[in-house]
Amino acid sequence: QVHLVESGGGLVQAGGSLRLSCVASGRTSTISAMGWFRQAPGKERSFVAGISRTGDATNYAESVKDRFTISRDNAHNTLYLQMNRLEPEDTAVYYCAARSGFGVLSTPHRYGDWGQGTQVTVSS
């Protein structure tokens with residue numbers, strides 16, 4: 001079992017920045033790719049960004065490319081999401097996810113472990 005805990009969410013004005021963190025514990029040796037997803041009220045959970053185990057491969061949703069950067073520090077079992085030039089449309093609960101299989105995938109059901117989420121609110 002892998003336990004994931006996100007932090008770093010909050011309220012920010014449009015154009016501002018936030019950095020989300022996700023610390024993994026438990027059977028961290030089983031973690032391969034990791035990702036960030038988000039869910040706005042009344043909407044389905046959607047892919048934001050993903051990263052391979054070594055960090056050499058990343059993938060982003062079109063809506064966040066060139067604004068968000070995903071990274072990971074395996075020595076500290078921590079995943080990050082740097083979010084710049086935030087927009088009101090980025091308002092959502094952001095979830096960290098981990099999977100044991102290969103591939104930086106964008107479909108939520110391919111990830112077996114999830115955090116509890118952190119709220120990001122962007123005001124206009």
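Residues that satisfy the salt bridge (Lys or Arg N to Asp or Glu O under 4.0 Å) test with Glu44, not counting sequence neighbours, are absent from this structure. Evaluation of the side chain to side chain donor-acceptor pair (under 3.5 Å) rule for Thr58 yields no partner, not counting sequence neighbours. Residues satisfying the side chain to side chain donor-acceptor pair (under 3.5 Å) test with Ser124, not counting sequence neighbours, are none. Under the salt bridge (Lys or Arg N to Asp or Glu O under 4.0 Å) criterion, Lys43 pairs with no residue at all, not counting sequence neighbours. Not counting sequence neighbours, the partners of Ser46 by the side-chain contact (heavy atoms from CB on, under 4.5 Å) test are Arg38. Residues satisfying the ring pair (Phe, Tyr, Trp, His ring centres under 6.0 Å) test with Tyr95, not counting sequence neighbours, are none.
Cluster partners of Phe102: none. The rule joins Ile, Leu, Val, Met, Phe, Trp and Tyr whenever side-chain heavy atoms lie under 4.5 Å apart, and it links nothing here. Its side chain within the 4.5 Å cluster rule, Tyr60 clusters with Val2, Leu4, Val12, Leu18, Leu20, Ile31, Met34, Trp36, Val48, Ile51, Val64, Phe68, Ile70, Leu79, Leu81, Met83, Leu86, Tyr94, Val120, Val122 among the Ile, Leu, Val, Met, Phe, Trp and Tyr residues.
Judged as a side chain to side chain donor-acceptor pair (under 3.5 Å), not a single pair has a partner in residues 97-114 (not counting sequence neighbours). Within the structure, disulfide (SG to SG under 2.5 Å) pairs that include any residue of residues 95-124 comprise Cys22-Cys96 (at least two apart or interchain). Sorted by first and then second residue, the salt bridge (charged side-chain N to carboxylate O under 4.0 Å, His left out) pairs involving residues 4-29 (not counting sequence neighbours) form an empty list. Residue pairs meeting the side chain to side chain donor-acceptor pair (under 3.5 Å) criterion with at least one member in residues 66-77, sequence neighbours excluded, are Arg67-Asp90, Arg72-Asn74, Asp73-His76.
Checking Thr121 against Gln119 by side-chain atom types alone, a donor-acceptor pair falls below 3.5 Å.
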Given side chain to side chain contact (heavy atoms under 4.5 Å, CB included), test Asn59 with Phe47 step by step and report yes or no. CA-CA 10 Å; Asn59 190 19; Phe47 174 76; 3.9 Å; yes
I'd like to know whether Ser17 forms a side chain to side chain contact (heavy atoms under 4.5 Å, CB included) with Gln82, so could you lay out the CA-CA distance, the side-chain angles of the two residues, the decisive distance to 0.1 Å, and finally the verdict. CA-CA 8 Å; Ser17 298; Gln82 177 66 45; 4.0 Å; yes
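Closest approach of Thr78 and Ser21 over heavy atoms only: CG2-CB, 4.4 Å.
Ser52 places no side-chain N or O within 3.5 Å of a backbone atom of Ala33 that could act as its donor or acceptor partner.
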